[in-house]
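Read the structure below first, then the notes.
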Amino acid sequence: MRRALESEYVSENLHHWIDLIFGYKQRFPEAKKWHNLFIHIDAITDITQKRAILEQIDSFGQTPSQLFFKPHPKRLTKEEVIGSIFASKEVKFYGKNNLCESQGTDIIAMRLIEKSKELVTVYNDCTVSSHLWRREHIRLEKKKSLTLFNLARRKKTPKFGYRFSSLLTNHNVCVTIDESGLYVFACGFDNMTFVVWDIARGEVVQTVVRHTQLVSCLALDEDADRDNRLLVTGSHDTTVMVWRLQKRHSVSLSSRKALYEVVDPEPRFILTRQTAKITCVDISIKSGMIVCCDMNGELNMYNASTGDHLERLRPLLDIEQMSTAGEQILPTPDALDSQMNLPPLGPIDGANSQPDQPNNVAQAMPSTATDAPISSTNTMIELDLNVHAQSHDHNNQNKEEEKYIDNNNDGNNNDNDDNDDDDDDDESENNNYNNNRKFALSASASTLVMDPSFGKAKSILGIVEDIGPCLNMVRVSSFGDIACYSNGLKHLCIYACNGELVKKRNTNDDILSVIKFNKDGNYIVTGGTATSTFIRDTRALKVRKQFTESKEIIRCITLDKDEIFMFVAVAGGDVLIYSLAMSKFLNNQIHNLDRLGF
């Protein structure tokens with residue numbers, strides 16, 4: 001009820017109620033026009049009826065005195081009163097500060113802590129710094145620096161001296177900072193853990209081991225009204241786990257010394273509908289959605305409250321089917337085979353498999369790279385077969401995992417039974433989708449060269465680390481819109497909460513490293529290799545504002561709570577500060593006060 005009364009709809013219509021109760025609609029002729037008529041006590045002569053009316057007044061009140069004699073002004077929106085970078089027509093660049101302690105390090109995450117007036121920054125060398133935010137002067141000052149994992153100086157055994165895994169290239173998805181500025185949550189280490197770092201104490205206070213392979217990404221969201229905080233982790237073991245954080249009062253400055261577990265040791269949900277290694281995750285408690293992407297280019301949507309699977313999207317397929325100037329972005333399987341002078345390869349799966357051809361081809365291949373030169377044709381076939389075989393084995397493994405999870409979901413068995421037919425359809429569709437996902441290779445007599453937009457070829461033996469493009473970033477807004485991006489295809493896609501594709505746009509030469517929704521989800525901020533920061537409207541992805549002051553690659557972006565200030569971290573450690581033009585901002589405040597009669 002409180003949320004309804006404080007909603008934007010009530011705010012936009014509150015002045016009508018004021019007109020009825022306290023204003024000009026209380027008196028004739030407007031009162032009659034708006035059905036706002038009441039019986040005057042003095043006009044009642046019957047004693048019994050008058051007594052009954054007085055009893056009603058005691059219970060329900062009576063018409064108050066008239067306070068306003070002309071229409072009351074409409075309540076200003078928060079953006080009109082305070083202003084924001086997204087709504088303002090004029091945004092000013094206020095300079096930059098270099099916040100790196102050592103050369104060669106970049107900021108991969110940062111957050112402005114309103115209460116302490118500090119900007120917390122996390123670097124790609126696993127260090128954390130805290131800087132004073134001087135709002136009145138619009139500048140940052142270095143405060144202190146804390147080592148994130150290297151505790152060798154404090155403890156005899158340096159258990160947490162790990163760096164980010166070499167298997168990961170996007171460290172931005174491996175780190176997040178909580179709203180209160182107490183903790184940093186980090187993953188991406190070869191020991192399959194994620195850790196909780198206490199910023200004030202400068203040490204790891206919790207290490208969680210539950211995933212069976214590298215924890216590749218995480219995301220955090222907090223609902224201050226309900227004191228609900230959820231952490232989501234994704235792993236190369238193809239699972240996504242949802243963790244509940246301790247209540248806010250349990251992690252206060254006075255009590256957190258005695259707190260051993262910031263994160264509940266057991267995950268609330270384990271989500272298993274993915275078919276490949278997880279690349280990125282996100283969560284929005286307000287919209288009630290969890291989203292995750294895997295290396296197969298699939299995007300799965302879950303209910304954040306129940307863990308139920310909602311939808312499976314295939315953004316890469318949507319992008320691949322889009323043609324530019326009559327040419328497909330990805331070549332079809334038949335086109336690839338014809339370019340390499342190969343016969344078409346059938347699906348290697350179940351009853352439809354054709355074992356004779358793969359076996360004969362495998363026997364014709366040399367056992368080692370030194371036995372014979374590897375021809376381009378044979379190389380292409382071996383790569384394709386390995387990929388299909390790995391995909392087939394991986395799908396079978398995931399079927400077993402899904403069966404295990406489904407049998408152990410208390411209270412959800414009936415729902416799973418109802419969806420069996422849908423699951424079968426999904427599996428069949430997945431097999432066709434995976435079998436049709438080919439990759440472009442240029443093969444020579446002794447080497448493999450993969451197109452830069454499609455992943456990596458590791459050796460002449462056909463060992464491929466990344467098969468084709470994947471989804472590198474995903475974000476979900478407070479109202480359920482989903483933004484996902486592929487570095488390989490350089491496309492940004494927007495989906496509605498029902499899974500419908502709303503818009504897709506090519507970012508051309510700008511390979512994005514950061515995507516961020518604003519609070520109401522109407523705008524999205526992006527930055528990357530083009531060195532410019534863009535503000536786009538969510539549904540059309542049209543650029544509304546562009547900031548070109550940076551000459552370096554954009555690494556990460558954060559805003560203050562009211563979205564008046566924007567901080568843009570670039571390669572090399574500089575943080576650029578943007579804000580509303582202060583003189584215009586103050587004049588706007590004065591105008592609003594005059595409009596309200598002050």
Side-chain angles (χ1 to χ4, degrees), residues 85-86 91 93 96 99-100 105-112 119-124 164 168-177 184-188 216-221 279-284 291 293 470-478 481-494 505-519 521 523-538 541 543-560 563 565-578:
I85 281 185
F86 302 98
V91 178
F93 171 58
K96 61 184 179 181
L99 302 182
C100 276
T105 58
D106 286 329
I107 299 173
I108 59 175
M110 59 182 177
R111 186 161 194 166
L112 184 68
L119 182 74
V120 177
T121 53
V122 182
Y123 302 86
N124 59 352
F164 291 114
L168 302 177
T169 56
N170 185 11
H171 298 155
N172 297 52
V173 299
C174 297
V175 177
T176 187
I177 306 164
V184 172
F185 301 86
C187 68
S216 54
C217 52
L218 53 75
L220 172 70
D221 195 27
T279 57
C280 49
V281 294
D282 199 21
I283 178 174
S284 170
V291 292
C293 300
C470 63
L471 295 172
N472 305 94
M473 283 183 288
V474 65
R475 292 289 182 265
V476 56
S477 76
S478 57
D481 287 333
I482 301 169
C484 59
Y485 178 73
S486 168
N487 285 348
L489 298 182
K490 301 177 185 177
H491 268 74
L492 179 63
C493 296
I494 301 293
R505 186 171 294 275
N506 193 329
T507 60
N508 299 316
D509 294 331
D510 191 11
I511 300 177
L512 302 184
S513 54
V514 57
I515 300 173
K516 187 177 184 66
F517 280 106
N518 76 320
K519 288 191 300 185
Y523 297 94
I524 190 169
V525 189
T526 64
T529 57
T531 74
S532 293
T533 303
F534 297 92
I535 293 180
R536 309 169 186 263
D537 57 71
T538 298
L541 289 180
V543 175
R544 299 304 180 187
K545 293 182 178 67
Q546 179 179 358
F547 307 100
T548 60
E549 287 74 15
S550 172
K551 305 304 178 186
E552 304 292 339
I553 297 174
I554 309 297
R555 294 301 187 191
C556 62
I557 299 171
T558 192
L559 295 103
D560 70 319
E563 298 181 337
F565 298 96
M566 179 170 68
F567 304 87
V568 179
V570 302
D574 284 340
V575 175
L576 286 66
I577 305 175
Y578 295 90

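- Side-chain atoms of Phe164 and Val175, non-hydrogen and from C-beta on, do get closer than 4.5 Å to each other.
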Before giving the answer on side-chain contact (heavy atoms from CB on, under 4.5 Å), spell out for Glu552 and Asp574 the whole-Å C-alpha distance, their side-chain angles and the decisive distance to 0.1 Å.
-> CA-CA 9 Å; Glu552 304 292 339; Asp574 284 340; 5.9 Å; no

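- Looking at heavy atoms from C-beta onward, Ile515 lies in side-chain contact with Ile524 at the 4.5 angstrom threshold.
- Counting only distance, with no hydrogens or angles, the side chain of Asn172 and the backbone of Arg555 share a donor-acceptor pair below 3.5 Å.
- Closest approach of Met110 and Ala569 over heavy atoms only: CE-N, 3.4 Å.
- The closest donor-acceptor contact from the side chain of Asn506 to the backbone of His491 lies at 3.5 Å or more, if one exists at all.
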Intermediate values then yes/no, side-chain contact (heavy atoms from CB on, under 4.5 Å), Tyr123 and Cys100 | CA-CA 8 Å; Tyr123 302 86; Cys100 276; 3.7 Å; yes

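- Between the side chain of Ser513 and the backbone N or O of Ile554 there is at least one donor-acceptor pair closer than 3.5 Å.
- Rounding to the nearest 0.5 Å places CG of Leu576 at 9.0 Å from CE of Met566.
- Atoms SG and NE2, on Cys187 and His171 in that order, are 10.0 Å from each other to the nearest 0.5 Å.
- Listed for the Thr529 side chain is a donor-acceptor partner under 3.5 Å among the backbone atoms of Ile511.
- Across every non-hydrogen atom of Ser216 and Val173, the tightest pair is O-CG2, 3.8 Å.
- For the pair Ser284 (side chain) and Ser477 (backbone), a donor-acceptor distance under 3.5 Å is present.
- The two residues Asn472 and Asn170 make their nearest non-hydrogen contact at O-ND2, 3.7 Å.
- Summarising the geometry, atom CG belonging to Leu512 is positioned 10.5 Å from atom OG belonging to Ser486; distances are rounded to the nearest 0.5 Å.
- Leu119 has its side chain within reach of Leu99: a pair of non-hydrogen atoms, C-beta onward, lies under 4.5 Å apart.
- A donor-acceptor pair under 3.5 Å is formed between the side chain of Asn124 and the backbone N or O of Asp106.
- Aromatic ring orientation, Phe547 versus Tyr578: tilted (interplanar angle from 30° to 60°).
- The backbone N or O of Tyr523 sits less than 3.5 Å from a side-chain atom of Thr538, completing a donor-acceptor pair.
- In terms of heavy atoms, Lys490 sits closest to Asp509 at NZ-OD1, 4.4 Å.
- Contact annotation: the side chain of Val570 never approaches that of Thr531 to less than 4.5 Å [non-hydrogen atoms, C-beta and beyond].
- The line from CD1 of Ile283 to CG of Leu220 is 8.0 Å long, rounded to the nearest 0.5 Å.
- In summary, the side chains of Tyr485 and Thr507 do present a donor paired with an acceptor at a separation below 3.5 Å, with no hydrogens or angles considered.
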Evaluation steps, side-chain contact (heavy atoms from CB on, under 4.5 Å), between Phe567 and Leu559 | CA-CA 6 Å; Phe567 304 87; Leu559 295 103; over 6 Å; no

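- Judged by distance alone, the side chain of Lys545 and the main-chain N or O of Phe86 form a donor-acceptor pair under 3.5 Å.
- Counting heavy atoms from C-beta outward, Asn518 and Glu563 have side chains that approach closer than 4.5 Å.
- The distance from atom SG of Cys484 to atom CG of Leu492, rounded to the nearest 0.5 Å, is 7.5 Å.
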From CA spacing to verdict: side-chain contact (heavy atoms from CB on, under 4.5 Å), Arg536, Arg505 | CA-CA 11 Å; Arg536 309 169 186 263; Arg505 186 171 294 275; 3.9 Å; yes

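- A distance-only check finds no donor-acceptor pair linking the side chain of Thr105 to the backbone of Gly573 [under 3.5 Å].
- Not a single donor-acceptor pair under 3.5 Å links the side chain of Thr176 to the backbone N or O of Phe185.
- Scanning both residues, Val91 and Ile85, for their nearest heavy atoms gives CG2-O, 3.7 Å.
- In plain terms, the two heavy atoms of Asp282 and Val474 that are nearest each other are CB-O, 3.6 Å.
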